[in-house]
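Notes for the one structure printed next.
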Amino acid sequence: MLSPKIGIAVLLTVLQVAYGQKVNDLTACLVDKSLRVDCRYENNTKSPLQYEFSLTREKQKHVLNSTMGVPEHAYRNRVNLSISHNYMALFLKDFNQKDEGIYSCDLRASGVPSSFVSKNITVYKDKLQTCGVMSLLVQNTSWLLLLLLSLPLLQATDFECL
């Protein structure tokens with residue numbers, strides 16, 4: 001029979017894993033000739049997250065970038081990853097119609113195989129929007145820095161507070 005302390009510890013671990021991470025949003029857009037796939041997530045665990053970006057086309061999965069597996073050699077020179085707090089952006093250079101398909105952002109807490117979460121987005125080149133300059137600034141810049149940078153602009157336009 002398990003002692004109550006062990007039972008409670010196991011229950012807390014399971015609850016932390018179950019509610020520990022979540023992929024909130026997965027979006028895609030074009031930056032020049034590159035595809036950008038944005039993965040916004042929550043990680044409320046103390047464990048570092050492992051990730052995997054993949055592309056599925058014609059029922060074949062292609063790993064683009066990963067800490068859980070080995071990325072395919074064909075994509076290594078074309079893929080770049082940017083990571084900040086609760087946000088990852090995958091850039092795929094020279095995006096073309098052969099790169100169309102289902103893109104996935106998969107996350108897992110390190111050392112906890114049952115903590116796997118994932119989100120998918122279907123990407124077609126002719127239906128992609130261009131990434132906005134403002135969205136790039138907002139996603140990669142803290143709000144405080146954005147506010148500080150906008151103050152001179154507001155002063156130049158004689159913006160007055162009530």
Side-chain angles (χ1 to χ4, degrees), residues 10-147 149-150:
V10 169
L11 178 62
L12 289 174
T13 301
V14 169
L15 287 175
Q16 182 183 15
V17 168
Y19 298 101
Q21 66 272 347
K22 172 183 160 185
V23 178
N24 293 326
D25 196 25
L26 188 64
T27 58
C29 58
L30 284 174
V31 178
D32 296 323
K33 294 180 182 179
S34 296
L35 172 70
R36 187 181 87 201
V37 180
D38 297 332
C39 182
R40 289 173 188 78
Y41 60 90
E42 293 176 27
N43 181 17
N44 299 318
T45 69
K46 292 181 181 173
S47 300
L49 285 183
Q50 294 180 314
Y51 63 87
E52 181 171 281
F53 276 96
S54 62
L55 162 64
T56 302
R57 76 169 179 265
E58 299 174 3
K59 299 181 182 180
Q60 178 85 25
K61 180 180 175 179
H62 306 275
V63 177
L64 305 174
N65 198 309
S66 178
T67 58
M68 293 190 275
V70 178
E72 287 190 24
H73 184 71
Y75 291 99
R76 286 188 186 165
N77 293 333
R78 294 180 57 206
V79 170
N80 189 12
L81 187 69
S82 174
I83 301 175
S84 62
H85 182 71
N86 292 343
Y87 171 77
M88 288 188 279
L90 176 94
F91 293 88
L92 179 61
K93 297 175 193 169
D94 300 322
F95 179 73
N96 58 59
Q97 289 184 327
K98 292 179 183 177
D99 299 318
E100 294 179 339
I102 301 169
Y103 284 77
S104 298
C105 176
D106 306 330
L107 302 175
R108 179 177 73 198
S110 293
V112 189
S114 62
S115 65
F116 185 82
V117 292
S118 181
K119 196 154 198 134
N120 301 325
I121 186 170
T122 302
V123 175
Y124 294 105
K125 185 173 183 179
D126 61 345
K127 295 190 180 192
L128 278 174
Q129 293 184 353
T130 302
C131 301
V133 172
M134 200 60 182
S135 72
L136 282 171
L137 186 62
V138 169
Q139 290 168 3
N140 295 317
T141 307
S142 72
W143 282 102
L144 180 58
L145 183 57
L146 184 61
L147 177 63
L149 291 173
S150 64

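If you read the sequence from its start, that first residue is 1, and numbering goes on from there. Because only heavy atoms are used, hydrogens play no part in the values below, and waters and symmetry mates are left out as well, while side chains stay in.
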Shortest non-hydrogen contact from Ser47 to Ala109? CB-CB, 4.0 Å
Determine whether Val70 and Val63 make a side-chain contact, defined as any pair of heavy atoms from C-beta on separated by less than 4.5 Å. no
Return the OG to NZ distance between Ser118 and Lys22, rounded to the nearest 0.5 Å. 14.0 Å
Less than 4.0 Å between a side-chain N and a carboxylate O, is that true for Asp106 and Arg108? no
Is there side-chain contact between Val79 and Phe53, with at least one heavy-atom pair below 4.5 Å? no
Answer yes or no: are there more than 12 heavy-atom neighbours, outside Asn86 itself, under 6.0 Å from its atom CG? yes
Would Arg57 and His62 count as a side-chain contact (heavy atoms from CB on, under 4.5 Å) here? Give the steps. CA-CA 8 Å; Arg57 76 169 179 265; His62 306 275; 3.9 Å; yes
Nearest heavy-atom neighbours spanning Cys131 and Val31: SG-CG2, 3.4 Å
Heavy-atom pair with the smallest gap, counting every atom of Ile121 and Thr27: CD1-CA, 3.8 Å
Please round to the nearest 0.5 Å and tell me the distance separating atom OG1 of Thr122 and atom CD1 of Ile102. 4.5 Å
Any heavy-atom pair between the side chains of Tyr75 and Leu92 that's under 4.5 Å? yes
So does Asn77 have more than 12 non-hydrogen atoms from other groups sitting under 6.0 Å from CG? no
Less than 4.5 Å apart, any side-chain heavy atom of Leu107 and any of Tyr41? yes
To the nearest 0.5 Å, how far apart are CG in Leu55 and NZ in Lys98? 13.5 Å
To the nearest 0.5 Å, how far apart are OG in Ser66 and CD in Glu72? 11.5 Å
Within the distance-only criterion (no hydrogens, no angle test), does the side chain of Ser104 pair as donor or acceptor with the backbone N or O of Ser54 below 3.5 angstrom? no
As an exercise, state the distance from OH of Tyr51 to CE of Met88, rounded to the nearest 0.5 Å. 7.5 Å
Atom of Arg76, atom of Pro71 and distance for their closest heavy-atom approach: NH2-O, 3.2 Å
Quick one: does Val123's side chain get under 4.5 Å of Leu35's, heavy atoms only? yes
Can you find a pair of side-chain heavy atoms, one from Phe95 and one from Lys33, that are under 4.5 Å apart? no
Between Asp99 and Arg78, is the closest basic N to carboxylate O distance under 4.0 Å? yes
Could you pull out the closest heavy-atom pair between Lys125 and Glu100, with the gap in Å? N-OE2, 2.8 Å
Identify the heavy atoms of Leu26 and Cys105 that sit nearest to each other, and give their distance. CD1-CB, 3.7 Å
Between Lys61 and Glu52, does any NZ, NE, NH1 or NH2 come within less than 4.0 Å of an OD or OE carboxylate oxygen? yes
Separation between CG (Leu81) and CG (Leu90), nearest 0.5 Å, reads 6.0 Å
Do Val37 and Phe91 come close enough that some side-chain heavy atom pair is under 4.5 Å? no
Is it the case that Tyr103 and Asn120 place a side-chain donor and acceptor less than 3.5 Å from each other? no
Side chains of Gln97 and Tyr124, heavy atoms from C-beta outward: is any pair under 4.5 Å? no
